[in-house]
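Everything on this sheet refers to the single structure shown next.
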Amino acid sequence: MTLSFNSLGLSEARIRHLEAMEFTVPTAIQAQAIPHLLCGRDVVGQAQTGTGKTAAFALPILDRIDVKLPAVQALILTPTRELAMQVGQAIRGFIDDRRLKVVTIYGGQAIDQQISRLERGAQIVVGTPGRVLDLLSRGDLKLDQLSWMVLDEADEMLNMGFIQDVEKILNQAPIERQTAFFSATMEPSVRKLVTKFLRSPITVTIEQPKTAPTRINQVAYMIPRGWTKARALQPILELEDPEAALIFVRTRKAAAELTSQLQAAGHSVDEYHGDLSQSQRERLLLRFRQRQVRWVVATDIAARGIHVDDLTHVINYDLPDSVENYVHRIGRTGRAGKEGTAISLVHSLDRRKLRDIEYHMRQRLEIVSIPTRAQIEARQIDKLQGQIREALVGERMASFLPIVAQLSEEYEPHAIAAAALQMAYDQTRPTWMRSNQDHVDEPPAYSGGGNGGGGNGGGSSKPKPVKRGKSVGSAGNQVSPSLDR
DNA sequence: AAAAAAC
């Protein structure tokens with residue numbers, strides 16, 4: 001049976017607004033948490049990443065909030081500034097009443113603007129603990145009218161480093177309030193803390209708590225002994241050729257270093273961590289979301305909640321410190337029903353961590369070894385062939401025919417096509433690979449350029465004729481002879 | 001031990 005928002009107890013106006021946004025079917029966490037929240041119960045909500053937890057707590061709050069009362073009635077805390085921004089934006093998207101205001105408050109930004117927005121009267125505040133406490137002590141934020149308190153990424157908020165601030169904030173909120181904790185993960189030791197802050201909470205758990213969405217293809221690359229991760233990463237990136245990837249490292253320093261290395265190799269990549277200024281952080285996220293940067297090297301600042309459309313890969317260059325963070329990191333991909341790939345680089349010293357992850361995920365990771373040059377080239381040629389087939393049936397191809405006509409006065413059509421392919425193939429490889437072979441561990445069989453030769457043996461066959469129009473199936477993995485090993 | 005979070 002398919003549930004609708006109608007049966008959850010939300011108001012007609014809310015449902016009409018949701019339908020206008022093309023939200024018609026609630027997710028499991030929404031279907032189960034919303035009725036309890038509407039009844040006034042405290043809730044602990046646990047569901048996989050990317051299953052609409054924000055709406056699960058925001059919709060009932062919006063339904064019950066007093067729009068005529070210009071006082072803060074709901075406070076939502078998040079562990080990072082960008083997450084606060086994102087949650088604030090999401091809630092604004094659910095609002096159709098101009099009287100209702102959401103203010104986002106976090107550090108690293110001018111406080112005056114945030115104060116004046118609060119003064120103009122906001123019913124909902126989303127923020128990070130430090131700045132919330134700051135504004136509370138200045139008296140610019142008052143919680144005396146607070147009815148709802150939500151911890152997003154609750155287990156992280158109850159961790160050392162956050163718990164003290166969170167406790168201070170909770171202590172300044174009225175006892176007569178509704179509290180909700182939401183996260184994809186909830187370690188048993190953390191779960192015990194929950195009873196300290198919630199009153200007879202209902203726990204809503206969707207599916208097996210520790211498992212990741214199945215549409216995420218999880219792979220572990222074993223690093224050969226004596227190899228550095230940096231050396232192993234290069235061929236992996238070449239094979240996967242990720243369109244949009246988040247590469248996780250353990251420290252800020254490592255993020256800066258790996259970014260420089262990848263940039264020097266000609267990749268479109270930038271760094272994201274707490275050493276950057278707030279404006280740098282926000283600008284980077286914007287560029288990443290707009291596809292102006294293909295890859296981002298980040299610390300666990302990006303592990304939780306951050307949403308980037310169609311992220312194709314999450315790469316654990318360093319394995320995370322906790323299994324929980326593994327779940328959150330890989331949850332950045334495979335969102336909204338899309339597929340995603342999660343790659344972990346595993347050194348022999350990391351074997352134990354890998355076992356822990358597999359145990360907690362209740363599933364094995366696919367173990368693969370570092371791709372060879374031949375595998376990389378085969379994959380690249382495969383991709384090129386696919387692109388050619390697409391171009392052959394596309395509309396724009398016709399506009400290039402005059403060029404072919406002109407060139408065929410001097411050259412054979414096959415030669416023209418092959419030269420065009422060579423150009424296209426070179427485009428798929430980073431610049432340093434074409435010119436300077438020093439960095440290559442395993443030199444490519446086909447030594448760059450168009451100087452003919454290069455083939456080290458390998459039964460070189462007669463050039464295959466280039467097919468006109470649609471091809472026959474069997475051409476599958478056939479590699480163009482000049483590129484053959 | 002590191003990361004995040006206030007000035």
Side-chain angles (χ1 to χ4, degrees), chain A residues 75-88 103-115 117-118 125-141 143 149-172 183-185 187 190 229 246-259 271-282 284-285 296-306 314 316-332 347 349-350 352-353 356:
Chain A
L75 175 63
I76 297 133
L77 295 178
T78 68
T80 69
R81 298 164 179 175
E82 286 77 6
L83 201 49
M85 294 172 61
Q86 192 179 283
V87 169
V103 169
T104 309
I105 56 174
Y106 54 84
Q109 244 207 2
I111 201 165
D112 296 349
Q113 219 176 15
Q114 292 174 5
I115 291 171
R117 287 201 190 110
L118 286 172
V125 168
V126 186
T128 46
R131 185 53 68 90
V132 166
L133 277 174
D134 192 354
L135 288 165
L136 277 172
S137 67
R138 289 162 183 254
D140 293 306
L141 176 61
L143 301 180
M149 177 88 201
V150 179
L151 292 197
D152 197 12
E153 306 296 342
D155 58 333
E156 174 73 358
M157 303 302 281
L158 297 175
N159 266 341
M160 297 255 299
F162 274 119
I163 182 71
Q164 285 183 333
D165 283 355
V166 168
E167 206 163 354
K168 277 185 209 154
I169 295 166
L170 285 166
N171 286 339
Q172 294 194 47
S183 184
T185 53
E187 226 194 325
V190 172
K229 285 185 192 171
L246 204 40
I247 303 170
F248 283 102
V249 293
R250 207 175 68 94
T251 65
R252 302 162 173 196
K253 192 160 161 265
E257 284 168 2
L258 183 58
T259 302
E271 60 199 277
Y272 177 43
H273 51 78
D275 268 350
L276 307 181
S277 74
Q278 189 54 31
S279 65
Q280 282 176 310
R281 283 165 56 164
E282 288 172 26
L284 170 69
L285 220 49
V296 165
V297 182
T299 57
D300 274 329
I301 191 175
R304 287 173 179 257
I306 289 303
V314 165
N316 293 310
Y317 184 82
D318 295 325
L319 284 178
D321 286 337
S322 69
V323 181
E324 283 73 33
N325 270 355
Y326 178 84
V327 175
H328 288 281
R329 281 181 178 188
I330 71 167
R332 298 313 96 219
H347 236 239
L349 296 168
D350 296 329
R352 205 197 131 80
K353 271 188 185 174
D356 285 353

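Every chain is numbered from 1, with letters handed out A, B, ... down the list of sequences.
- A:E156 places its CD atom 10 Å from the P atom of B:dA4, with the value rounded to the nearest Å.
- Following rounding to the nearest Å, A:E257 (CD) and B:dA2 (P) show an atom-to-atom distance of 14 Å.
- Between A:R138 and B:dA6 there is no side-chain polar atom (N or O) within less than 4.0 angstrom of OP1 or OP2.
- Looking at A:D318 and A:K229, a side-chain N of the basic residue comes within less than 4.0 Å of a carboxylate O on the acidic one, giving a salt bridge.
- Distances shown here put every side-chain N or O of A:T299 at or beyond 4.0 Å from the OP1 or OP2 atom of B:dA2.
- Of the N and O atoms on the side chains of A:E82 and A:Q86, not one donor lies less than 3.5 Å from an acceptor on the other residue.
- Between the P atom of B:dA5 and the CD atom of A:E153 lies a distance of 13 Å, rounded to the nearest Å.
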Requested in this report: List the steps, then state whether side chain to side chain contact (heavy atoms under 4.5 Å, CB included) holds for A:E153 with A:T80.
Outcome: CA-CA 10 Å; A:E153 306 296 342; A:T80 69; over 6 Å; no

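- Counting any heavy atom pair closer than 4.0 Å across all strands shown, A:R281 reaches sugar-phosphate atoms only and no base atom.
- Protein atom CD1 of A:I306 is 12 Å distant from nucleotide atom P of B:dA4, rounded to whole Å.
- Taking every side-chain heavy atom of A:H273 into account, B:dA4 is the closest of B:dA1, B:dA4, B:dA6.
- At the heavy-atom level, A:G274 lies under 4.0 Å from the strands shown only through sugar-phosphate atoms.
- Comparing B:dA1, B:dA3, B:dA4 by their nearest atom to the side chain of A:T251 picks out B:dA3.
- One finds a side-chain N or O of A:R252 lying less than 4.0 angstrom from the OP1 or OP2 phosphate oxygen of B:dA4.
- Residues A:Q172 and A:L133 have side chains in contact (heavy-atom distance under 4.5 Å, counting atoms from C-beta outward).
- Closest to the side chain of A:D134, from the set B:dA2, B:dA6, B:dA5, is B:dA6.
- Atom CD1 of A:I163 and atom P of B:dA3 are 22 Å apart (whole Å).
- In this structure, CE of A:M85 is placed 12 Å from P of B:dA5, rounded to the nearest angstrom.
- Summarising the geometry, the separation between CZ on A:F248 and P on B:dA4 is reported as 12 Å, rounded to the nearest angstrom.
- No contact: A:D165 has no heavy atom under 4.0 Å from any strand.
- Note: OH (A:Y317) to P (B:dA3) measures 16 Å, nearest angstrom.
- A salt bridge links A:R329 with A:D300: the distance from a Lys NZ or Arg NE/NH1/NH2 to an Asp or Glu carboxylate oxygen falls below 4.0 Å.
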